[in-house]
Amino acid sequence: MTVVHMPISARTLVLAFAVLCLGQMATAQTRYGAANTKSVPSAQTDEPPAMGVTEWLQRMHAGARQRSYVGTFVVSAPGGDLSSARIWHVRDGDHQLERIEALSGPPRSTFRRNRNVMTFLPEAKVVKVEKRENLDLFPNLPDKPDSSVGDYYDVRAIGKDRVAGFDADVVQLVPRDGLRFGYRIWSERRSGLVVKLQTVDSDTRVVEQSAFSELQLDAPVKAQALAQMMANTSGYRIEKLELERSTAQDEGWMLRTPVAGFKPRSFFRRPALPAGDGKPPKPEATTVQWTFSDGLATVSLFIERYDPTRTPGDGVLTIGATNAIRRRLPAPASDWWLTAVGEVPQQTLNAFAQSLARTR
């Protein structure tokens, strides 16, 4: 089995943005020990409001969607790897529009209008178009948040701090088991917007950190201008990713034992790309994606036919707080290949892999 640790710059920009609330994410310049707690003032006279886990998450959820803002955010991981992006976000009535411009790594601009996402790759002159059922925002709550998230996390108010010039309430979400990471969150005091987020492991070490280095709330972002930029595809080749909604039952899959706290969110068939010789892909080359969430962390299971000519060996991949495992499923499902990805400990992905079973 191969274990690979990749620099944070290798992440997709959307995944990095997800961790911060933009909209998991997912994000620690240094190992977190007891000395790190000094970054949060210990003597506080203005404590955060007393709220439960669900109340805090609803407030953060609303803060990310109801305010217009422009800012620069930085994602860092142990070893000094950094990625950064410029964000423009506006709420236009019932619509959410965003532009995310990568400031590090290959040039990339991602636009989102509600669930419609377009990613411009200038060097390749390609625009990738897709519709996302799950936007992987932090906190990753459905439209009507499920209060059961409080069954798996405790909340502790730490105090008050300042981030990018804004007063923020600092709270910590402590997992009640080893299947999920903990979070230390800086929530802008007036709006609830998450302005800084640390993901910590069971040893209280920061495995990833995201923070706005500069932020303008209620910025004069024009929705029409973002929409026009999003529609300007002149000179680009458009690649549409068409997802077909399905169910685990229809595709012949089940979890023998549910993984505590993680509920199914969606199940899609993802069509295979054309072969290198230009021939259309075989129907059996289709990949299915089964997504689960506990309200904060998301796990995706990608299942496809095993092909020894192109499938790599079993392995583990770590990118900041994001872990991935890839393996051939055991008999009687040995004709299938699994890639499990999520901002969760590896043992959680292993639990999903061990529980996944073929029903036909």
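Side-chain atoms of F120 and P107, non-hydrogen and from C-beta on, never get closer than 4.5 Å to each other. Side-chain contact between V221 and L226: present, with at least one pair of heavy atoms (C-beta onward) separated by less than 4.5 Å. With a 4.5 Å cut-off on side-chain heavy atoms, L193 and R67 do not count as touching. A heavy-atom distance below 4.5 Å is not found between the side chains of R99 and M230. Between N350 and I325 the shortest side-chain heavy-atom distance falls below 4.5 Å. Put simply, the side chain of Q224 reaches to within 4.5 Å of the side chain of Q228, judged on heavy atoms. Residues D294 and V149 fail the side-chain proximity criterion, which asks for heavy atoms closer than 4.5 Å. The side-chain heavy atoms of V129 and L241, taken from C-beta on, include no pair separated by under 4.5 Å.
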Chi angles and distances behind the salt bridge (Lys or Arg N to Asp or Glu O under 4.0 Å) call for E98, R112: CA-CA 5 Å; E98 283 173 349; R112 176 173 72 89; 3.1 Å; yes

Check against side chain to side chain contact (heavy atoms under 4.5 Å, CB included), R113 and F111: CA-CA 7 Å; R113 180 181 175 86; F111 292 85; over 6 Å; no

Stepwise side chain to side chain contact (heavy atoms under 4.5 Å, CB included) check, I185 with Q172: CA-CA 6 Å; I185 308 168; Q172 186 162 331; over 6 Å; no

Chi angles and distances behind the side chain to side chain contact (heavy atoms under 4.5 Å, CB included) call for L296, L173: CA-CA 10 Å; L296 293 178; L173 300 183; 3.6 Å; yes

Residue pair Q346, T318: steps toward the side chain to side chain contact (heavy atoms under 4.5 Å, CB included) verdict: CA-CA 9 Å; Q346 285 186 17; T318 298; 3.6 Å; yes

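Residues F262 and T348 approach most closely at CE1-CG2, 3.9 Å, considering heavy atoms. G320 and A77 get closest at one heavy-atom pair: CA-CB, 4.1 Å. Closest non-hydrogen pair, K196 versus A211, comes out as CG-CB, 3.7 Å. In terms of heavy atoms, G182 sits closest to P175 at CA-CD, 3.5 Å. Counting all heavy atoms, side chain and backbone alike, F181 lies closest to Y153 at O-CE2, 3.5 Å. Across all their heavy atoms, P264 and W290 have their closest contact at CB-NE1, 4.0 Å.
When atom types are taken as modelled, the side chain of E188 and the backbone of S191 share a donor-acceptor pair closer than 3.5 angstrom. Remark: side-chain polar atoms of N114 are not paired, donor with acceptor, to backbone N or O of N116 under 3.5 angstrom. For T339 (side chain) and F302 (main-chain N/O), no donor-acceptor pair under 3.5 Å exists by modelled atom type. At least one donor-acceptor pair under 3.5 Å links the side chain of R256 to the backbone N or O of Q354. Side-chain atoms of Q66 do not come within 3.5 Å of backbone N or O of G63 as any donor-acceptor pair. Looking at T119, its side chain never comes within 3.5 Å of a backbone N or O of T110 through a donor-acceptor pair. The closest donor-acceptor contact from the side chain of T257 to the backbone of S355 lies at 3.5 Å or more, if one exists at all. Looking at R91, its side chain does come within 3.5 Å of a backbone N or O of G93 through a donor-acceptor pair. With hydrogens and angles ignored, the 3.5 Å screen pairs no side-chain donor or acceptor of D161 with any backbone N or O of A168. Looking only at distances, no side-chain donor or acceptor of D92 sits under 3.5 Å from a matching main-chain atom of H95.
Taking CD from Q58 and OG1 from T54, the interatomic distance works out to 6.5 Å, rounded to the nearest 0.5 Å. Once rounded to the nearest 0.5 Å, the distance linking CD of E130 with CZ of R115 reads 12.5 Å. The distance from atom CG of D335 to atom CZ of R305, rounded to the nearest 0.5 Å, is 5.5 Å. Remark: Q198 CD to R205 CZ distance equals 14.5 Å, nearest 0.5 Å. In this structure, S202 OG and Q347 CD are separated by 7.5 Å, a value rounded to the nearest 0.5 Å. Remark: F73 CZ to L103 CG distance equals 8.5 Å, nearest 0.5 Å.
Within 6.0 Å of CZ on R176 lie more than 12 heavy atoms contributed by other residues, nucleotides or ligands. Residue Q249 qualifies as open at atom CD: its count of foreign heavy atoms under 6.0 Å is 12 or below.
Relative to the six-membered ring of W337, R328 misses at least one condition, a distance below 6.0 Å or an angle of at most 45° to the axis.
Each of R245, R269, R358, R270 was scored for a salt bridge (Lys or Arg N to Asp or Glu O under 4.0 Å) with E251, with one residue passing: R269.
Grouping the Ile, Leu, Val, Met, Phe, Trp and Tyr side chains by contacts below 4.5 angstrom, directly or via other members, places F267 with L356. Connection of M118 to V126 is not established within any shared hydrophobic cluster, with ILVMFWY side chains joined at heavy-atom distances below 4.5 Å, either directly or through further cluster members. No single ILVMFWY cluster, assembled from side-chain heavy atoms under 4.5 Å apart, contains both V90 and F212. In the hydrophobic cluster analysis, where Ile, Leu, Val, Met, Phe, Trp and Tyr join through side-chain heavy atoms closer than 4.5 angstrom, V70 is grouped apart from V74. Hydrophobic clustering, with ILVMFWY side chains joined whenever heavy atoms are under 4.5 angstrom apart, groups L349 together with L301.
For the residue pair W186 / D169, no side-chain donor-acceptor distance below 3.5 Å is found, with atom types taken as modelled. Between the side chains of K263 and S148, at least one donor N or O sits under 3.5 Å from an acceptor N or O.
Taking the centre of each ring, W336 and Y306 stay at or above the 6.0 Å mark. You'll find the ring centres of F352 and F292 inside the 6.0 Å limit.
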